[in-house]
Amino acid sequence: MDGGETTDNYASKLKVVTEGEWAGWSWYPGGDPYEDLAGPFYCRVDEAGRRVCAFRAEKKHMNGGMFMHGGCVMTFADFCLFWIAREDLDGSHSVTATFNGEFVGSAGIGERVECVGEVVKAGRSMVFIRGIISNASRGGEPIMSFSSVVKKTGPRA
């Protein structure tokens with residue numbers, strides 16, 4: 001890029017929060033319409049160098065029993081996949097090819113939900129990722145363990 005062009009893609013929309021509970025975290029406003037509706041979801045690299053994602057559970061995230069909706073947990077996990085594998089996906093368009101998850105807990109309104117994970121293997125066209133979503137408000141009780149494969153579909157323009 002010669003500096004005269006504007007980049008307008010998902011990665012370019014990463015913004016750092018400067019105030020409030022999420023100060024120092026980043027998010028993607030306008031990056032993905034569905035995640036904008038479901039979130040906001042936040043991400044950062046912690047002091048140990050781990051990629052972490054988090055959000056605060058709201059009423060809109062609950063099911064009829066007032067527990068976090070499984071679809072919300074899966075949407076958050078899908079967001080997390082791409083943050084966890086960000087370096088390995090850099091410069092590529094990519095899609096979730098497979099997703100496996102085990103629901104083992106939940107969260108309620110006002111509780112903080114977090115995710116950490118790792119890239120198990122990054123190949124030329126596929127990246128294998130696993131993670132744990134936990135309820136930080138309950139001392140890190142697990143909510144879901146997951147594994148996924150993300151498929152690189154081509155270079156970013």
Side-chain angles (χ1 to χ4, degrees), residues 1-96 99 101 103-119 122 127 129-148 150 156-157:
M1 218 191 276
D2 64 9
E5 302 170 26
T6 338
T7 302
D8 187 23
N9 60 41
Y10 188 81
S12 73
K13 297 184 184 307
L14 184 65
K15 305 289 182 220
V16 177
V17 179
T18 58
E19 299 177 345
E21 174 183 8
W22 300 104
W25 291 73
S26 298
W27 69 309
Y28 290 95
D32 182 299
Y34 187 75
E35 288 173 1
D36 287 346
L37 180 66
F41 301 139
Y42 299 95
C43 52
R44 70 181 178 115
V45 177
D46 72 8
E47 304 76 24
R50 298 178 310 165
R51 291 185 167 275
V52 182
C53 299
F55 74 104
R56 179 81 52 196
E58 301 175 31
K59 185 176 181 183
K60 71 178 182 176
H61 300 124
M62 302 297 123
N63 63 21
M66 297 311 287
F67 295 102
M68 184 166 290
H69 194 286
C72 176
V73 179
M74 292 180 75
T75 298
F76 179 58
D78 192 67
F79 168 85
C80 297
L81 294 173
F82 290 88
W83 178 249
I84 292 165
R86 182 179 168 98
E87 291 172 2
D88 295 297
L89 298 172
D90 190 37
S92 300
H93 286 286
S94 50
V95 296
T96 306
F99 183 95
F103 295 96
V104 296
S106 191
I109 295 172
E111 294 182 323
R112 184 171 169 142
V113 178
E114 293 187 356
C115 178
V116 294
E118 65 182 338
V119 171
V127 180
I129 305 143
R130 66 181 168 203
I132 296 281
I133 296 174
S134 62
N135 187 326
S137 297
R138 296 186 201 166
E141 284 182 13
I143 294 173
M144 172 188 258
S145 63
F146 65 88
S147 62
S148 182
V150 172
R156 287 200 180 271

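Just so you know, residue 1 is the first one in the sequence shown, and it goes up from there.
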What is the minimum heavy-atom distance between [X] and [Y], and which atoms define it?
{"X": "F103", "Y": "M74", "value": "CZ-CG, 3.7 Å"}
{"X": "G110", "Y": "S137", "value": "O-OG, 4.4 Å"}
{"X": "A38", "Y": "T75", "value": "CB-CG2, 4.0 Å"}
{"X": "V119", "Y": "A85", "value": "CG2-CA, 3.8 Å"}
{"X": "D36", "Y": "G31", "value": "OD2-N, 4.1 Å"}
{"X": "M62", "Y": "G108", "value": "CE-C, 3.8 Å"}

Q | Passing candidate, ring-ring contact (aromatic ring centres under 6.0 Å, His included) with F76, options Y34, F41, F146, F82 | A |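 Only one option passes, and that is F41.
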Q) Considering residues at least two apart in sequence or located in another chain, which fulfil the salt bridge (Lys or Arg N to Asp or Glu O under 4.0 Å) criterion with E141? A)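 Result, salt bridge (Lys or Arg N to Asp or Glu O under 4.0 Å) vs E141: R138.
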Q: Applying salt bridge (Lys or Arg N to Asp or Glu O under 4.0 Å), name anything that partners D46, two or more places apart in sequence or on another chain.
A: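 With sequence neighbours excluded, D46 shows a salt bridge (Lys or Arg N to Asp or Glu O under 4.0 Å) to R50, given in chain and number order.
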Could you work out, with side-chain contact (heavy atoms from CB on, under 4.5 Å) as the rule, every residue matching [X], not counting sequence neighbours?
{"X": "V45", "value": "R51, W83"}
{"X": "E118", "value": "R130"}
{"X": "F67", "value": "N63, S106"}
{"X": "I132", "value": "S145"}

Q: Nearest 0.5 Å please: distance from the OG1 atom of T96 over to the CG atom of D78.
A: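 Here the interatomic distance stands at 3.5 Å.
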Q) What is the distance from atom CE of M68 to atom CD1 of I109, rounded to the nearest 0.5 Å? A)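 Here the interatomic distance stands at 9.5 Å.
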**Q.** Test of ring centre spacing under 6.0 Å for F55 and H61
**A.**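 Distance test on ring centres: under 6.0 Å, yes.
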Q: Kindly check if the number of other-residue, nucleotide or ligand heavy atoms within 6.0 Å of NZ (K60) is above 12?
A: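 More than 12 within 6.0 Å, yes.
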Q: Check whether more than 12 heavy atoms from other residues, nucleotides or ligands sit under 6.0 Å from atom CD of E21, and answer yes or no.
A: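 Enclosed: over 12 neighbouring heavy atoms sit under 6.0 Å from CD of E21.
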Q | Chi angles and distances behind the side-chain contact (heavy atoms from CB on, under 4.5 Å) call for I143, S134 | A | CA-CA 5 Å; I143 294 173; S134 62; 5.5 Å; no
Validation row: [X], [Y] side chains within 4.5 angstrom (heavy atoms):
{"X": "E35", "Y": "Y28", "answer": "no"}
{"X": "C115", "Y": "F79", "answer": "no"}
{"X": "C43", "Y": "L14", "answer": "yes"}

